[in-house]
Structure formats: C-alpha cells, structure tokens
Amino acid sequence: MADDAIEVLLEEGRTFPPPDEFKQSGNLNDPGVWEKADKDPEGFWAEQAQQLDWFKPWDKVLEWDCPWAKWFIGGKLNVSYNCLDRHVKTARKNKAAIIWEGEPGDERVLTYRDVWREVNKFANVLKGLGVQKGDRVALYLGMVPELLIAMHACNRIGAVHSVVFGGFSAESLSDRINDASAKVLVTGDGGYRRGTIIPLKKNADEAVESSPSIEHVVVVRRVGSESDATMKEGRDHWWHELMADAPLWCEPEQMDSEDMLFSLYTSGTTGKPKGIVHTTAGYLLGVYLANKWVFDMKEDDVFWCAADIGWVTGHTHIVYGPMANGVTQVMYEGSPDWPDKDRLWRMVEKYGVTIFHTAPTAIRTFMRWGTEFPAAHDLSSLRLLGSVGEPINPEAWMWYHEHIGHQNCPIMDTWWQTETGHPLITPFPGITTLKPASATKPFPGVEADIVDEQGNSVPLGGGGYLVLKRPWPAMLRTVFNDPDRYVETYWSRFPGMYFAGDGAKRDKDGYFWLLGRVDDVMNVSGHRISTMEVESALVDHQAVAEAAVIGKQHEVKGQGICAFVSLITGVDNTPELVDELRAHVAKKIGAIARPDELYYAAELPKTRSGKIMRRLLRDIADGKALGDTTTLADPTVVAKLKEQYEDE
Ligand code: WT7
C-alpha cells in the first residue's frame with residue numbers, strides 16, 4: 001500500500017460501537033474472555049473444545065515444540081459427525097442446511113438429513129473405489145452441493161481432501177494432484193459461469209494424463225447435454241451411477257485429533273504452491289468458534305458466504321464452520337452479474353439472508369456498478385456483514401455499511417490466512433467498536449504483535465511485520481511433503497514467532513491496520529498469487545528470455561498483475577504477442593493469473609549479483625520517483641524503462 005494511503009487510513013476517525021442488540025444477545029459479549037484466555041490459553045481452548053462431540057476426550061491439551069504443535073492429544077472425533085450426525089439427532093434434522101441456486105436459476109434445498117445421507121453414501125462410494133484412511137482425494141468442481149458432500153465424505157472415512165479451485169488450469173490441477181499423490185479425482189462434466197460452461201472434465205482429462213497416481217475419476221453431472229465431456233471406460237464413473245446403489249450408512253472413522261483433515265494449496269514466494277496441512281480437532285474447534293462468535297450464528301440465521309469453496313474462506317465459512325454450528329446457508333453457483341448486476345441482492349431478498357460475507361474486491365465492484373442494484377431489493381433481513389481476503393479501504397467499508405447494511409449491520413473485517421484456519425484479527429459484533437478498514441484486534445487466546453526488522457515489538461502507533469507469538473489450535477501443522485519449507489517460510493524470519501508475511505500498523509488504541517503483503521506475493525482480488533509463479537509461466541513461452549512480475553495498485557482488484565518481459569533476440573515485440581503472452585499465463589495457471597499489463601523491456605533492472613529489483617519496477621508502475629538505484633549493475637536500464645513506461 002502506498003505511504004500516503006496508509007496515512008489517510010490512520011487518520012480514520014469514525015467509530016461504530018456495537019449495537020445494543022448485539023451487546024445484549026451476541027454469542028460473545030463478555031469482554032472478560034480475553035483476559036481469561038491470555039492468562040491461561042490452554043485452559044481457554046480446552047474449555048471451548050467441550051462444545052465439540054468427542055468419541056474419546058483428549059489426554060493433554062497442547063504439546064508445543066516450536067514450531068511443531070499438537071493439540072488435544074489422545075482425543076478421538078470425526079468432523080462429519082460434528083457437522084452432521086449431531087444435528088440429525090435433534091430437531092435440526094429437517095432444517096435446511098443448504099439452499100442452493102444454480103446460475104441458470106435452478107434451485108435445490110438440502111436439509112441436514114439430506115446432506116448427512118448423501119455424505120454417508122458418497123463415503124461408501126469412496127471406500128468402494130479403494131480410498132482408505134489417510135489417502136488423498138482431489139476435488140475439482142464448481143460451486144455445487146456435491147463438492148461439500150464429497151469433502152464431508154472424505155473426512156468421514158479419514159481421507160484427506162485437496163480441493164482445487166475450478167478456475168485453475170489443467171496444469172495447475174495436475175501439479176496439485178501430483179504433489180498430494182491423490183488416488184481419486186472428483187470433478188464435474190462442467191459448470192455454469194457467466195452464461196458459459198467451464199470445461200471441468202476436459203481440464204481434468206488433460207491433468208490426469210500427467211497425474212499417474214489417479215486411479216478413478218468421479219464425474220458429477222451438472223450441465224448434461226451441454227457438455228462435451230467424454231468418459232474413459234474403467235477410469236471414469238458418473239457420480240449418480242455410483243450413488244444409486246451406495247449403502248445409506250457409513251460408520252464415521254474415529255480420527256485422532258492430530259490426524260490430517262485436508263490440505264489446500266496456496267502460493268508462496270517460490271514458483272511452487274505449497275500444500276497447507278490442517279488437522280482434525282484444532283481446525284474444527286477454530287472454525288466452529290470463529291463462526292459462532294464472529295458471525296454470531298444463531299438457530300434461525302440464514303448465512304451466506306459468497307466465496308468459492310476452492311479457497312480457504314469456503315472451507316471455513318461454508319463447509320465446516322457454519323455446518324458445525326448447524327446454521328442454514330445459501331450457496332450460489334455462478335457470477336454476481338448474471339443475468340444482471342443485482343443477482344446477489346435478489347437472492348438476499350428471496351431467501352431472507354441475515355448474515356452476508358464477501359471480499360473487498362467484490363464490494364468495490366458493486367460500488368462501480370452503482371447503488372441502483374442493491375437499492376432495487378429489500379435487504380432488511382440482513383443483520384451482520386463480513387469482509388475478508390485483503391485490506392478493505394474506508395470508502396468501500398462505508399459503501400458496504402450504507403448501501404448493503406443500511407447502517408444497521410456491523411461489519412466484520414476479518415484478517416486471516418489459509419495457514420491460520422480462521423480469522424485471528426477480527427471484530428466481534430457484541431464487543432468491538434469498529435473503525436472502518438481496521439480488522440481491529442486479536443481473537444481470544446491469540447497473541448498477535450507487530451515487530452521491527454530485528455523482531456522487537458513496535459510500540460503502539462508504529463508499524464512493521466505482523467507476527468503471532470503463541471500456537472493456536474487451528475494453525476497449519478506443516479507444508480505437505482515439505483516440513484523444511486514450513487520451518488523456513490513461517491518460523492525462521494523471527495525465531496519463535498509465526499511470520500504472516502503481512503505488514504501492519506497499530507494505532508494508539510491497539511487496533512491493527514493491515515497493509516498488505518511484504519513478500520513477493522500479490523493479492524489479486526483477494527487471491528494469493530506469487531510473482532515467481534507468473535514469471536515462470538511467462539518464461540515458459542518460447543519468445544520470452546526473462547520476466548519480472550509485480551503487483552500494482554488496482555482500483556477494484558486491490559492489486560493487478562504487471563509484467564515486464566524481455567524477448568529472445570530476433571523476436572518482434574508486437575501487440576499481438578502481448579495478448580499471446582497474457583493468454584499463455586492464463587492457460588498455464590488459470591485466468592486469475594492473467595497479467596493486467598505487460599510491457600516489453602530491452603533489459604530488466606538487476607543488482608550486480610543478478611537479482612531483479614522488483615522494487616524499482618513497482619516504483620515505475622506506480623509512477624513514483626525512482627528510489628535508490630546505486631546497487632544496480634546498469635542504472636541506465638531502469639531510466640530507459642521508466643521513460644518507455646511513461647510513453648505508453
Ligand atoms: C492473505 C491470506 C483468509 C481468507 C482469504 C485469503 C490478506 C486476508 C485480510 C484482511 C487485510 C487480508 C493478507 C493475508 N488478507 N484477510 N481482512 N485485511 N488483508 O486467504 O489466500 O491465504 O491469503 O490475505 O495479506 O496474508 P489467503
């Protein structure tokens with residue numbers, strides 16, 4: 001974030017105290033909880049963990065051998081049992097779990113008992129395909145209930161799921177399958193998106209060609225005759241055919257607290273995405289509590305997290321947290337502007353949504369579309385709003401507050417990461433006085449701090465690196481197949497502290513203001529993309545000699561992707577090639593990684609040791625005066641580049 005923008009943020013003086021009804025009846029309204037949790041974090045988490053259903057209680061709350069954590073040692077439980085069976089045993093059995101709407105307008109309502117039955121059946125299907133406890137299952141689907149069903153079916157039998165966002169390319173899918181050595185892939189014959197069909201099966205086929213670990217592919221029929229999917233005899237099976245005679249009951253596996261629940265890939269500072277590993281008890285406890293407390297889930301709420309399950313937000317705020325709480329949810333397949341820009345607000349009105357959660361990039365998009373779209377609908381059912389994924393700017397916060405919340409809905413700006421499992425810096429609606437664009441303060445039991453280069457705590461009013469100083473139950477346990485990378489990435493920058501990779505400031509009241517990534521990771525529309533990944537995709541093209549990629553401030557996306565490439569000698573730098581290179585990145589990684597801007601550079605600015613100076617490229621792209629260039633091998637390179645950039 002630019003320095004002037006940070007200053008404007010910190011001058012934000014507006015405050016919004018918790019409304020009386022939340023103060024009185026919020027699920028968390030005792031400010032004493034923080035003090036208690038700080039005095040005895042283990043006691044605090046253990047007390048909360050009583051709210052889960054255990055087959056066998058734990059013997060020991062925590063074993064902490066930094067950076068290796070084990071929580072609730074000796075405990076036995078099952079996640080699908082906690083999210084389904086325990087509701088099915090009560091009056092909740094006939095309560096709507098998922099109110100689903102397809103993009104073309106088709107609807108399905110699944111009660112808790114419906115989901116429970118389908119999960120049991122699919123768990124048996126997976127067993128029938130040879131999936132055993134500990135095996136990995138890759139899921140590559142659009143936003144259909146079968147995705148959620150397959151995830152719970154995996155955890156019911158102790159299999160580990162690895163969900164791959166349906167917008168990723170065949171190659172990205174194959175990389176993730178191979179890293180996890182997944183045995184089974186569940187995909188679809190297609191999915192609807194903005195009126196067109198996402199060729200899931202075609203991509204899956206291409207991916208499986210270079211993924212030898214896959215023994216079976218299960219295909220959900222979604223688009224039917226509109227699909228060009230072909231089935232490979234012996235390997236591919238239709239979901240509905242396998243389900244037709246699957247037994248109705250599958251005994252939930254008694255999982256150890258520390259058994260792996262899932263892995264989810266996220267970008268790091270190197271080209272290769274890393275599989276973030278979450279375990280059973282800790283993750284379940286964290287997401288149960290966060291949804292209960294931050295989103296104040298009550299029996300008659302209708303919750304809607306408009307994220308994709310392919311990202312951690314969808315895992316935590318669709319599949320696991322809300323279901324552990326037994327709440328009713330809305331789930332939507334498609335694009336927010338299909339068939340019109342009021343689609344989401346139409347659905348809020350239609351289903352009486354009470355709690356709505358989205359990302360700043362979406363809010364900025366709604367702002368751009370205009371207030372007439374939300375204004376055309378009765379949004380008075382809403383009582384609470386959420387924001388996640390990137391820093392929200394005060395303007396977007398105020399717009400959300402006024403035009404969606406009609407000034408009645410507190411906004412939960414939740415900071416967290418794939419690695420943290422659930423919001424760790426976040427307001428609570430019955431407790432926190434909000435300041436627009438501040439994620440406010442840490443979750444009970446969590447010790448967050450801001451430190452300088454040396455790891456010393458920075459006093460209130462100052463800025464630096466966000467760190468976490470104590471383990472928490474839902475923290476990642478390792479990087480799949482790469483424990484060294486776990487230690488290196490998160491625990492080496494400041495020994496004994498978890499380094500989040502974010503810059504932050506704290507104001508005089510101790511509120512945290514998140515300022516964006518401090519590493520070579522971009523945040524594009526709330527999605528993490530590494531500069532290296534995009535650079536490797538560019539260099540993979542035969543015309544490219546070298547590439548440097550930076551995140552550039554973008555009005556809607558937060559950051560846009562800006563690439564500088566130098567070409568192989570003899571290749572012409574044509575406008576057609578610009579398009580071809582952008583398309584090449586989209587093909588290699590997925591459309592979310594397509595560069596917004598691409599410039600030719602005769603040479604890239606490098607230090608004398610050959611390191612590309614991305615900082616200077618960022619200055620050029622942001623139109624700023626060039627900082628210190630004395631360490632450059634050839635300072636004229638960057639001057640030329642700046643001139644050329646300004647001409648274009
Ligand atoms: C990165 C994590 C956590 C779910 C979605 C993204 C940024 C996330 C906020 C927020 C400022 C935020 C951080 C973080 N981020 N939430 N409320 N305010 N920044 O998960 O892909 O793991 O990305 O998203 O930079 O490190 P993710």
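Numbers for residues simply follow the sequence, beginning at 1. In listed order, ligands and their atoms are each counted from 1. Because the structure is a prediction, the values reported are computed rather than measured.
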Aromatic centroids of Tyr320 and Tyr288 separated by under 6.0 Å: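 Between Tyr320 and Tyr288, which both carry aromatic rings, the centre distance is not below 6.0 Å.
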
Ring centroid separation Phe366 to Trp345 under 6.0 Å: yes

Quick test of your reading of the model: are [X] and [Y] salt-bridged, counting only N-O distances below 4.0 Å?
X	Y	answer
Asp482	Lys272	no
Lys469	Glu447	no
Arg136	Asp179	no

Close residues, ligand 1: non-hydrogen atom nearer than 4.0 Å: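 Protein residues near ligand 1 are Val312, Thr313, Val388, Gly389, Glu390, Pro391, Asp413, Thr414, Trp415, Trp416, Gln417, Thr418, Asp502, Leu514, Arg517, Asn523, Arg528.
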
Stacked cation flag Arg343 on Tyr332, 6.0 angstrom / 45 deg: no

